Peer 1: 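After the structure tokens below, expect a handful of questions from me.
Source: prediction; values computed, not measured. Within every chain, numbering begins at 1; the chains are lettered A, B, ... in the order of the sequence lines, protein sequences first and strands thereafter.
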Amino acid sequence: MGVVMSTYPFTEVEKKWRQKWEETQLYKTDMNNDVDKKLYCLVMFIYPSGDKLHIGHWYNYGPTDSWARFKRMQGYNVFEPMGYDAFGLPAENYAIKHGIHPAISTAQNIEYIRQQLKAIGAMYDWSKEINTSAPEYYKWTQWFFLLLYKNGLAYRKKAPVNWCPKCQTVLANEQVIEGRCERCETEVTHRDLEQWFFKITDYAEKLLEGHNRIDWPEKTITMQKNWIGKSEGAKIIFQVDKSEDKIEVFTTRPDTLWGVTYMVLAPEHPLVAKLTTEQQREVVNNYVAQARKESDIQRTSTEKEKTGVFTGAYAINPVNNERVPIWIADYVLVTYGTGAVMAVPGHDTRDFEFATKYNLPIREVISPDGKPHEKLKEAYIDAGIMINSGEFTGTPSKEGIEKVIRYLEENKFGEKTVNYKLRDWLISRQRYWGAPIPIVYCPDCGEVPVPEDQLPVVLPEKVDFKGRGESPLKTNPDFVNTTCPKCGKPARREVDTMDTFVCSSWYYLRFPNPEIDTYPFDKDLVKKWLPVDQYVGGAEHAVMHLMYARFFAKVLYDLKLIDFDEPFKRLVHQGVITKDSNKMSKSRGNVVNPDIFVEKYGSDTFRMYMMFMGSYEDGGDWSDEGITGIHRFINRVWRLIDLLKDNKATGNETKESKELERIRHYTIKMVTNDLERFHFNTAISRIMELVNGMYLYIQNVPLEQQNRQVLEDAKETLVLLIAPFAPHFAEECWEKIGKPYSIFNARWPEYDEAKTQKDTIPIAVQVNGKLRATIEVERNAADETVLGIALADEKIQKHVGGKTIVKKIVVKNRLINFVVK
RNA sequence: GCGAGAGUGGCGGAAUUGGCAGACGCGCUAGACUUAGGAUCUAGUACCUUUUCCGGUGUGGGGGUUCGAGUCCCCCCUCUCGCACCA
């Protein structure tokens with residue numbers, strides 16, 4: 001090519017612009033002006049686990065920042081903050097292992113991670129950094145606890161709870177994945193403990209309703225819906241025979257009530273001990289003991305054959321006064337509904353299996369055709385006609401549900417009920433590195449909340465956090481021993497700390513002003529900037545963080561402290577990056593270390609390659625060779641800018657320049673649309689096409705004929721379009737082509753729809769659906785004209801000649817199909 | 001077991017509404033430039049047949065709807081994710 005080839009010097013360039021951006025405070029968001037054009041773009045802040053920034057973080061933060069930059073260039077006043085979700089087990093476990101205090105290791109970690117985050121070159125407004133483990137922050141986490149407490153939404157109760165033997169703490173239901181600890185995958189066991197809960201169940205209905213008003217992935221909404229698990233049915237009361245006791249059951253099929261042939265209580269049901277007869281006591285006790293010993297994994301395995309024992313007691317079916325035996329079985333869960341079920345083996349698969357095993361009667365009360373059948377081979381669970389059901393016999397079962405409920409209500413046998421799978425959120429943890437729960441236990445006054453003006457309850461530094469199974473805070477007498485805020489007498493502090501998910505349930509409110517020390521968030525700025533317009537983070541938080549954060553927003557909304565109840569208007573989940581189509585993991589030894597590639601190719605190239613690998617929401621497969629494609633592309637653009645530096649083109653050339661101009665407009669259009677939808681990979685390939693087009697033009701048209709203006713426009717557009725993807729690089733190019741700092745204050749290019757289209761278009765000509773020729777015609781040419789040209793084509797003649805054309809299909813500007821016989 | 005999504009060249013992946021399958025990149029091949037190239041530029045690259053042309057086949061498998069199906073419908077296989085006795 002005869003030109004000295006230069007290579008893009010990313011190391012210096014990236015350093016240069018990072019410095020300049022910082023000096024000029026380019027990314028400091030003006031929170032008070034341009035609020036009508038505000039755009040709050042948030043990524044899930046980082047949980048500094050000690051692993052530093054891994055590729056998943058990069059994949060979350062890099063592309064989201066590109067999107068935010070695109071929005072900024074479109075004229076939005078973008079706010080993009082970053083912070084540290086710094087409480088939590090990793091720091092504490094690290095401390096136990098290495099003897100370094102969590103406060104110190106966390107501080108070191110944050111220091112290091114901040115540098116790595118800066119290397120991404122994102123538009124974070126560093127003046128708004130948050131650290132949830134700082135007293136200035138967790139003071140307000142405690143404040144929120146008190147707020148919920150005062151409003152009856154935080155309470156303490158003894159309950160069988162999930163216990164992780166490895167983490168030595170209780171876990172919320174959401175943190176138990178298939179019977180294992182969400183964090184360390186240890187099998188979870190049960191303990192009866194006095195624990196703190198947030199009453200998220202009060203918000204089940206509101207959490208479901210809000211789903212209709214948010215632009216979230218359908219899958220995530222479905223997961224939340226399933227987790228909340230709403231089901232409508234009836235509560236029915238069965239009297240225990242020869243006793244004052246009553247058994248309450250929940251059923252979605254009151255229409256099958258006449259088919260009840262026994263009752264089942266969960267082994268943990270409070271009535272079990274009371275009901276059991278002397279003869280049965282021993283077997284029942286043994287069974288209960290056995291059930292308690294088993295883990296959830298063992299107990300809930302659907303492969304496991306159902307077991308149970310008879311209590312010796314009987315219950316009376318309210319609708320027909322039948323006396324049915326009461327059993328206990330571990331297929332009934334104490335945590336769902338009332339912990340007791342009416343068993344209808346004829347119409348419930350589980351009951352059928354159980355009844356068959358223990359020779360309990362099976363009665364048909366729903367029939368597909370309204371006629372009774374000899375013997376059921378399996379449970380008939382679908383709708384049908386009610387039979388053997390007293391006055392309801394003959395009623396279609398769906399109608400029957402409503403009618404039976406009315407009948408139950410009239411006779412006070414039961415009532416219509418909605419039941420939810422959702423449990424209250426267990427928030428106390430027997431760990432050290434978290435926000436202390438601001439409660440004091442006084443021998444006289446009982447449970448006393450710490451007054452707001454005494455917050456924060458400071459996490460003491462000196463504790464023995466190597467303790468096993470008990471809250472480390474218990475080991476610091478100075479912390480534990482205090483005085484009652486009410487009566488002043490000696491009292492003890494609560495020694496449990498809060499689940500870290502409490503910290504992250506409100507952080508998005510604090511970002512606009514993390515300095516504020518009179519309130520958890522700046523009401524004025526929150527009114528202007530919230531809710532979050534775009535939220536991006538991993539799908540693994542679908543039922544944890546994302547539901548808790550919604551819960552908090554709804555509570556605050558109901559208390560009139562904020563004026564919105566859905567915190568995240570639009571949500572996108574980034575996909576997972578794999579290596580050789582496998583999940584990256586230390587045990588597989590296939591972890592890609594971002595630092596190595598950032599050093600080798602630069603931050604922009606690394607980010608851009610991640611965005612090019614696959615579609616953002618699906619993730620992609622990392623390839624050490626693949627990144628060279630982006631590396632080459634960046635250099636290709638760099639040389640192109642160089643080539644066009646002293647653009648000596650003087651010509652007026654029109655044919656090819658017109659095509660280049662078309663490509664330019666078309667590229668702007670496609671890149672804009674793709675960026676909007678987070679389709680980064682295709683956006684990048686469009687820019688590549690523009691670059692390819694520019695090279696072709698320069699090479700195919702002699703220099704003196706080249707159209708200067710068209711080239712200049714293409715060059716400027718190219719740099720602007722590439723800016724969100726490769727910010728340092730584009731800033732340098734922008735300066736090179738003589739534009740004023742900064743490109744991120746420049747406007748995103750506009751396109752003209754008319755100019756994106758070609759004058760002549762290739763039309764595919766098919767005969768009987770098979771492609772036989774391609775013809776070039778004027779855009780929007782009349783059908784007749786196009787047909788004429790197509791028919792005249794000799795290849796078409798070959799296939800059509802001598803046959804009858806039965807049908808001619810014309811798809812304008814696209815295709816023709818001749819159907820011949 | 002139930003529910004959702006996916007399955008496209010040697011590889012990563014494209015393809016709003018059914019309308020030229022394989023954009024873009026990696027890899028590979030050839031040419032150019034070079035003392036050299038693991039640099040760069042250009043061209044080619046789904047498979048089969050064929051020297052070429054011309055043909056034929058092709059989006060996990062099988063059926064269907066349609067002038068026309070990667071796209072819609074039915075059945076089956078595989079993978080991923082979610083739920084997993086929820087009464």
Peer 1: Judged by each residue's nearest nucleotide on RNA chain B, which is more toward the 5′ side, D618(A) or V332(A)?
Peer 2: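 Looking at the nearest nucleotide for each, D618(A) comes out on the 5' side.
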
Peer 1: Rounded to whole angstrom, note down the P distance from rC33(B) over to rU42(B).
Peer 2: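 That atom pair is separated by 15 Å.
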
Peer 1: Determine: side-chain N/O of S623(A) to OP1/OP2 of rC11(B), distance under 4.0 Å, yes or no.
Peer 2: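 It does not, given that no N or O in the side chain of S623(A) lies less than 4.0 Å from OP1 or OP2 of rC11(B).
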
Peer 1: When you check the phosphate oxygens OP1 and OP2 of rA39(B), does a side-chain N or O of T7(A) lie under 4.0 Å from one of them?
Peer 2: no

Peer 1: Regarding H347(A), tell me which of base, sugar-phosphate or nothing describes its non-hydrogen contacts under 4.0 Å with the strands shown.
Peer 2: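 Contact class for H347(A): none.
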
Peer 1: Looking across every strand, which nucleic acid part, if any, lies under 4.0 Å from Q766(A) by heavy atom: base, sugar-phosphate, or nothing?
Peer 2: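 If one applies the 4.0 Å heavy-atom cut-off, Q766(A) turns out to touch a base.
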
Peer 1: Determine the Euclidean distance between corresponding C1' atoms of rU45(B) and rG25(B); express it in Å to zero decimal places.
Peer 2: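 Result for the C1' pair: 14 Å, nearest Å.
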
Peer 1: Take atom C1' in rG9(B) and the same atom in rC24(B), then report the distance between them in whole Å.
Peer 2: 14 Å

Peer 1: Parallel, tilted or perpendicular: which one describes the rings of W638(A) and F729(A), with boundaries at 30° and 60°?
Peer 2: tilted

Peer 1: Where the side chain of Y695(A) is defined as all heavy atoms beyond and including C-beta, which of rG19(B), rU42(B), rA23(B) is the nearest nucleotide?
Peer 2: rU42(B)

Peer 1: Which nucleotide, rC20(B), rA23(B), rA87(B), lies nearest any side-chain atom of T774(A)?
Peer 2: rC20(B)

Peer 1: Heavy atoms only, 4.0 Å cut-off, all strands: where does L696(A) land among base, sugar-phosphate and nothing?
Peer 2: sugar-phosphate

Peer 1: Nearest to the side chain of N681(A), which nucleotide is it out of rA14(B), rG68(B), rG55(B)?
Peer 2: rA14(B)

Peer 1: In terms of ring plane angle, is the pair F680(A) and F725(A) parallel, tilted or perpendicular, where the classes change at 30° and 60°?
Peer 2: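 If you compare the ring of F680(A) with that of F725(A), the planes turn out perpendicular.
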
Peer 1: Is K219(A) close enough to rU80(B) that one of its side-chain N or O atoms is under 4.0 Å from OP1 or OP2 there?
Peer 2: no

Peer 1: Side chains of S66(A) and R607(A): do they bring a donor and an acceptor to under 3.5 Å?
Peer 2: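 Present: a donor and an acceptor within the cut-off.
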
Peer 1: What integer number of Å spans the P atoms of rC72(B) and rA6(B)?
Peer 2: 9 Å

Peer 1: Between W622(A) and Y609(A), how do the two ring planes meet: parallel, tilted or perpendicular, split at 30° and 60°?
Peer 2: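 Because their plane-to-plane angle is over 60°, the rings of W622(A) and Y609(A) count as perpendicular.
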
Peer 1: Within the structure shown, what part of the strands sits under 4.0 Å from V819(A) by heavy-atom distance: base, sugar-phosphate, or nothing?
Peer 2: sugar-phosphate

Peer 1: Is the closest side-chain donor-acceptor distance between T201(A) and D424(A) under 3.5 Å?
Peer 2: yes

Peer 1: Could you tell me how far rG13(B) sits from rG19(B) if I compare only their C1' atoms? Round to whole Å.
Peer 2: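 Pairwise C1' distance, rG19(B) against rG13(B), rounds to 23 Å.
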
Peer 1: Below the 4.0 Å mark, does rG56(B) have OP1 or OP2 next to a side-chain nitrogen or oxygen of R772(A)?
Peer 2: yes

Peer 1: Can you see if the side chain of H679(A) gets near the phosphate of rA23(B) - specifically, an N or O under 4.0 Å from OP1 or OP2?
Peer 2: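 The answer is no; no side-chain N or O of H679(A) sits under 4.0 Å from OP1 or OP2.
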
Peer 1: For residues E353(A) and Y331(A), is any side-chain donor paired with an opposing acceptor at under 3.5 Å?
Peer 2: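 The answer is no; no qualifying pair exists.
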
Peer 1: Send over the distance from K421(A) NZ to rA87(B) P, rounded to a whole Å.
Peer 2: 10 Å

Peer 1: Pick the nucleotide of RNA chain B nearest each of R677(A) and R253(A); which residue has the one closer to the 5' end?
Peer 2: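 Looking at the nearest nucleotide for each, R677(A) comes out on the 5' side.
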
Peer 1: Please report, rounded to the nearest Å, how far the C1' atom of rA14(B) is from the CG atom of N692(A).
Peer 2: 15 Å

Peer 1: What nucleic acid atoms does T252(A) come within less than 4.0 Å of, heavy atoms only: base, sugar-phosphate, or nothing?
Peer 2: sugar-phosphate

Peer 1: Under 30°, 30 to 60°, or over 60°: which ring-plane class applies to H545(A) and H541(A), parallel, tilted or perpendicular?
Peer 2: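 Correct class here is perpendicular.
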
Peer 1: Given the C1' atoms of rG22(B) and rG12(B), what is the spacing between them in whole Å?
Peer 2: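 Each nucleotide's C1' atom is 13 Å from the other's.
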
Peer 1: Is there a side-chain contact between Q699(A) and the phosphate of rU42(B), meaning an N or O under 4.0 Å from OP1 or OP2?
Peer 2: yes

Peer 1: Which nucleotide wins on minimum distance to the side chain of F250(A), given the candidates rC54(B), rA87(B), rG19(B)?
Peer 2: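 Of all the options, the side chain of F250(A) is nearest to rA87(B).
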
Peer 1: Figure out the CD1/C1' separation between I809(A) and rG19(B), and round it to whole Å.
Peer 2: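 Rounded to the whole Å, the gap is 10 Å.
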
Peer 1: Ring of W216(A), cation from R550(A) - is the NZ or CZ under 6.0 Å from the centre and inside 45° of the axis?
Peer 2: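 Yes, a cation-pi geometry holds between R550(A) and W216(A).
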
Peer 1: If you look at every strand shown and take non-hydrogen atoms under 4.0 Å, does K808(A) touch a base, only sugar-phosphate, or nothing?
Peer 2: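 No contact.
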
Peer 1: Send over the distance from E617(A) CD to rU80(B) P, rounded to a whole Å.
Peer 2: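 Nearest whole value for this atom pair: 21 Å.
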
Peer 1: Regarding S615(A), tell me which of base, sugar-phosphate or nothing describes its non-hydrogen contacts under 4.0 Å with the strands shown.
Peer 2: sugar-phosphate

Peer 1: Using the P atom in both, what is the distance from rC48(B) to rC11(B), to the nearest Å?
Peer 2: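 To the nearest whole Å, 14 Å.
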
Peer 1: Determine the contact category for K583(A): base if any of its heavy atoms lies under 4.0 Å from a base atom, sugar-phosphate if only primed atoms, P, OP1 or OP2 are that close, otherwise nothing.
Peer 2: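 Sugar-phosphate contact only.
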
Peer 1: Which is true for N226(A) with a 4.0 Å heavy-atom rule: it touches a base, it touches only sugar-phosphate, or it touches nothing?
Peer 2: nothing

Peer 1: In whole angstrom, what separates M547(A)'s CE from rG82(B)'s C1'?
Peer 2: 14 Å

Peer 1: Is the shortest side-chain N/O distance from R632(A) to OP1 or OP2 of rA39(B) below 4.0 Å?
Peer 2: yes

Peer 1: Taking CE from M694(A) and P from rC41(B), how many angstroms apart are they, rounded to a whole number?
Peer 2: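 From M694(A) CE to rC41(B) P: 14 Å.
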
Peer 1: Can you label the angle between the F250(A) ring and the Y336(A) ring as parallel, tilted or perpendicular, going by 30° and 60°?
Peer 2: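 Geometry flag for Y336(A) against F250(A): perpendicular rings.
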
Peer 1: Expressed in whole Å, how much space separates the C1' atoms belonging to rU52(B) and rA15(B)?
Peer 2: 31 Å

Peer 1: So, OP1 or OP2 of rU42(B): does either fall under 4.0 Å of a side-chain N or O from R636(A)?
Peer 2: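 R636(A) to rU42(B) OP1/OP2: side-chain N or O found under 4.0 Å.
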
Peer 1: State whether R639(A) places a side-chain N or O below 4.0 Å from either non-bridging phosphate oxygen (OP1 or OP2) of rA39(B).
Peer 2: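 Answer no for this pair, as no side-chain N or O of R639(A) is under 4.0 Å from OP1 or OP2.
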
Peer 1: Rounded to whole angstroms, how far apart are CG on L546(A) and P on rG82(B)?
Peer 2: 15 Å

Peer 1: Please classify the nucleic acid contact of N419(A) as base, sugar-phosphate, or nothing, using heavy-atom distances under 4.0 Å.
Peer 2: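 No contact at all - N419(A) keeps every heavy atom at 4.0 Å or more from the nucleic acid.
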
Peer 1: K225(A) NZ to rG82(B) C1': how many Å, rounded?
Peer 2: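 Whole-Å distance recorded here is 15 Å.
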
